[in-house]
Every structure is written in C-alpha cells, then in structure tokens.
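Positions are given from 1 along the sequence. Computed from a predicted structure; not experimentally measured.
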Amino acid sequence: MSQIDIQELFNKSRLPDGWRLLPIILYTPFGLLLVLLRLLVTLQLWLFASLLPDCNSTRGFLNYGISFAFGIIVKIDNENEFRNKQSRIIVANNVSVLDHFALRRVTKTLTPSTWELPTALCNALGLQKMDMSSKEALIANIKQFLSTSIYNIAVQPEFGTTNSQVALLKFNSWPFSIETFVQPVIIKASRPEFVPVHLTSLASTWWTEVLWFMFVPYTVFTLKYLKIRRNPDYETLVREVEKDIANALGLQTSSFTVSDKTEYEKRYLMERILNRTRSSRSSLNSHSIEMQRMVRQVSEVLPFVPHNVILLDLLKTRNIDVTIANILDGIVTYTPEPNTSAQLPVPSSNRSQPNITKDKILGSLVTSSFQKRKAKMIKEARERYIQKHGLKNC
C-alpha cells in the first residue's frame with residue numbers, strides 16, 4: 001500500500017477543463033430537454049409502481065423504464081468467472097449512486113437501503129428497505145432476508161464513491177461477517193467521449209448525481225465476476241477481497257475510509273466558503289475605497305454638503321459630475337454642515353475687511369433665492385478649484 005494523498009481519490013469538479021468543455025456547452029440544450037423528458041418518465045414510473053400490483057411483469061416493465069429514465073446500459077464481462085450460486089453475498093466496488101441498479105440487472109441482487117419507495121419500484125431499482133440504525137441491526141436484517149427470500153444481497157463495503165482512477169477506499173469488514181464466502185464483482189462505468197462528464201464529484205448530493213445521469217445521453221456499466229473467496233476469519237477475508245477487486249481494476253488499496261472522505265469533504269466545503277468570503281470582502285473593500293475617493297472629490301467642490309448626502313447620491317449615480325449637478329440643481333436636498341466654516345475667497349485688496357461669520361453665510365444661503373444660491377456655490381467652487389491648483393488667467 002503506497003502513500004496516497006486523499007485528494008487524489010476524488011474529482012473536485014464534475015466538468016473537464018479547457019477545450020474539452022466546449023462539446024458539453026454545445027450539448028447542453030439537448031441535455032436539458034433530455035432531463036425534462038426523463039423526469040416526466042420517472043414521475044410516470046412512480047405512478048405505475050404505486051398503482052399496479054407488485055408482480056414480475058410490473059418489475060420488468062419498471063426495470064426497463066428506469067434504464068431509459070437514467071440512461072443506463074448494463075453489460076456483463078464473462079471472460080473468466082461466472083456467477084457462483086454458492087455465495088449469496090455479492091461484494092462490489094462503488095463508482096456511482098446508481099450502482100445498485102446495475103447490480104440488480106446483472107447479479108439479481110438487492111442492496112440494503114432506507115428509502116421509502118413503492119415495493120415494485122424499490123425492487124426494480126435493486127434496493128431493499130432494511131433497518132440501518134446500527135451495524136448489528138443491519139446484519140440481523142440481512143440474515144433474516146436471506147433465509148426468507150430468493151434474492152441475494154449486494155454490498156459495497158467502501159460505502160462511498162471515488163474517481164476510480166487511483167485507489168479504493170478501505171473496505172469495511174462487517175459485511176464479511178455475514179457469511180464465510182463471498183463473490184467479488186468489479187464495476188466499471190463510462191460515458192460518451194463527446195460529453196466527458198465525470199460520474200462523481202466531491203461533496204455532491206445524490207439527487208445532483210441522478211440529474212447528471214439524466215443529462216448525459218447514456219452511461220455504460222460493465223460488471224465482471226471474480227473468483228469466489230472463502231475464509232472463516234472475516235478480517236482476513238475483507239483484505240483478500242479488497243486486494244482482488246483493486247488488482248482487477250488496476251487500482252491500489254488505501255488506508256482512507258468513508259469517514260476520512262466525509263472529513264475531507266467538510267474541509268473542502270469550508271475552504272470554498274472561506275475563499276468566497278475573502279473574494280467578497282476584497283470586492284467590498286475596493287468598492288469602498290473607490291466610493292470614498294469620489295466622495296472626497298465632490299466634497300472638495302461642495303464643502304457645505306454633508307458626506308453622507310454625497311455618498312447616498314453617488315451610490316445611485318456612480319458619477320461625480322452627475323452628483324454635483326444633482327446637488328446644485330436642488331434635486332438632492334440637504335442641511336449644510338453645522339461645523340463647517342466656509343469662507344469666501346477674499347481678494348488681496350480687501351483682506352482688511354472683517355471676515356464673514358458662519359451664521360451670516362448660512363443666513364444668506366437660506367434667505368437668498370435658489371438661482372442666487374446656485375450661482376454663488378458655482379462661483380465659490382470655481383474660485384476654490386483655481387486656488388487649489390494654482391491656475392491663473394482663468
């Protein structure tokens with residue numbers, strides 16, 4: 001078992017990069033129509049399963065309907081081994097959320113589940129409702145089911161999907177305590193090259209996975225039986241089966257369990273949230289700095305106007321000249337800053353004259369007509385601008 005980084009086991013993105021994304025973009029309109037059609041078919045299958053009696057013909061009809069609804073094609077590779085009916089426990093790797101359907105089509109097995117579905121639909125999907133509140137309760141349920149049913153049980157001891165490119169998740173040992181011999185089955189899945197959508201992505205939900213099954217034209221599952229394994233020591237048996245499946249798939253075994261995957265998903269989601277928050281804060285900071293600069297520029301021209309009044313109008317106009325015009329035209333109303341002493345520029349020959357007090361200026365602004373106030377403010381702003389920039393002959 002070589003050293004493997006856990007992030008190598010999962011696809012963070014479902015879609016490829018670069019030019020390979022182009023065919024998916026071109027296919028998207030057709031894919032969305034296909035999703036709508038398949039959702040309609042799925043709803044009808046649900047109604048049929050609820051209304052029709054649970055019998056073999058109903059299950060067969062639902063089975064083929066589900067194949068179309070999810071775009072699933074199932075093949076069996078019989079090069080080496082065949083189904084050994086001595087074992088009633090099938091052990092397989094986990095590649096997608098719909099593996100149980102492929103196993104049902106080929107191996108005629110059911111997978112334990114907690115889903116509340118109509119019996120016929122549940123059977124057609126390859127699911128069997130069982131008590132999964134604890135490991136002991138589930139083992140007891142499986143043993144009871146095997147003693148009373150003609151169906152066998154399929155388990156996927158990884159209990160979590162990977163990208164099926166580097167290694168398997170470490171198998172849980174409890175499924176191997178049910179019987180002393182099991183038959184391994186390997187599952188491979190592929191999608192058409194012109195729609196290279198990955199089967200799984202990190203931290204995705206089951207319903208998202210199902211929708212992607214409906215989006216792509218089809219998904220091909222290929223199953224292959226391996227040699228039956230026997231060992232009364234289930235701790236040894238699990239490692240033997242794990243190694244057999246990994247070797248058949250050309251993968252490695254790993255020490256990472258489904259719990260490690262869950263923790264990695266939490267870290268990954270937290271990092272995404274933090275990165276999004278940092279990006280949002282950076283955008284807000286740059287926006288705030290720009291607005292402050294604009295407020296200062298308006299305030300240099302119109303020092304009597306409170307900053308909050310300027311800011312509110314700038315948030316609407318996003319333009320310094322428009323905000324100045326709004327203030328001068330009386331569109332924006334305000335109360336002049338009480339602590340601002342605006343002194344008019346006085347020519348050098350008249351510097352001996354007494355300064356105009358703040359009260360007189362405010363009183364003059366209030367009592368003068370709007371046109372006079374406007375002309376006065378424009379004149380003051382112009383003179384202040386000339387003095388600040390040292391302009392002459394203007």
Specify the closest pair of heavy atoms between L62 and L121, including all atoms of both residues, with the distance to one decimal.
CD1-N, 3.8 Å
Can you give me the closest heavy-atom contact between I186 and I245, atom names plus distance?
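Minimum heavy-atom contact is CG2-CG2, 3.9 Å.
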Could you check whether any side-chain N or O of [X] sits under 3.5 Å from a backbone N or O of [Y], counting only pairs where one atom can act as donor and the other as acceptor?
{"X": "E242", "Y": "F171", "value": "yes"}
{"X": "Q183", "Y": "Q86", "value": "no"}
{"X": "R104", "Y": "N123", "value": "yes"}
{"X": "N247", "Y": "D244", "value": "no"}

Compare all side-chain heavy atoms of [X] with those of [Y] and state whether any distance is below 4.5 angstrom.
{"X": "V305", "Y": "V298", "result": "no"}
{"X": "I72", "Y": "I66", "result": "no"}
{"X": "E209", "Y": "T200", "result": "yes"}

Do any pairs count as a side-chain hydrogen bond (donor to acceptor under 3.5 Å, both in side chains) and have a residue in residues 184-193, sequence neighbours left out, and if so which ones?
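side-chain hydrogen bond (donor to acceptor under 3.5 Å, both in side chains) check on residues 184-193 returns R191-T219.
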Drop me the distance from Y264's OH to F256's CZ, to the nearest 0.5 angstrom.
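Rounded to the nearest 0.5 Å, the OH-CZ separation comes out at 10.0 Å.
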Nearest 0.5 angstrom please: I187 CD1 to S164 OG, how far?
9.5 Å
Is it true that the NZ or CZ of R88 lies under 6.0 Å from the centre of Y151's six-membered ring and within 45 degrees of the ring axis?
no
Please confirm whether R38 makes a cation-pi placement over F68, using NZ or CZ under 6.0 Å from the six-membered ring centre and within 45° of the ring normal.
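Yes - R38 lies over the ring of F68, closer than 6.0 Å to its centre and within 45° of its axis.
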State yes or no: do V106 and L249 share one hydrophobic cluster built from I, L, V, M, F, W and Y residues joined by side-chain heavy-atom distances below 4.5 Å, directly or via other members?
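The answer is no; the residues belong to distinct hydrophobic clusters.
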Give the cluster check for I153 versus L117: same hydrophobic cluster or not, with ILVMFWY residues linked at side-chain heavy-atom distances below 4.5 Å.
no
Going by side chain to side chain contact (heavy atoms under 4.5 Å, CB included), name the residues that satisfy it together with N231, two or more places apart in sequence or in a different chain.
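Only D233, T236, L237, E240 meet the side chain to side chain contact (heavy atoms under 4.5 Å, CB included) criterion with N231.
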F213, Y218, W212 screened by ring-ring contact (aromatic ring centres under 6.0 Å, His included) with F215, the one that passes
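Output: one option passes, namely W212.
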Going by the angle between their ring planes, with limits at 30° and 60°, are W174 and F159 parallel, tilted or perpendicular?
parallel
Mind checking whether F48 and F61 have ring centres under 6.0 Å apart?
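That pair passes the under 6.0 Å test.
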Rest of the hydrophobic cluster containing L22 (Ile/Leu/Val/Met/Phe/Trp/Tyr, side-chain heavy atoms under 4.5 Å)?
L26
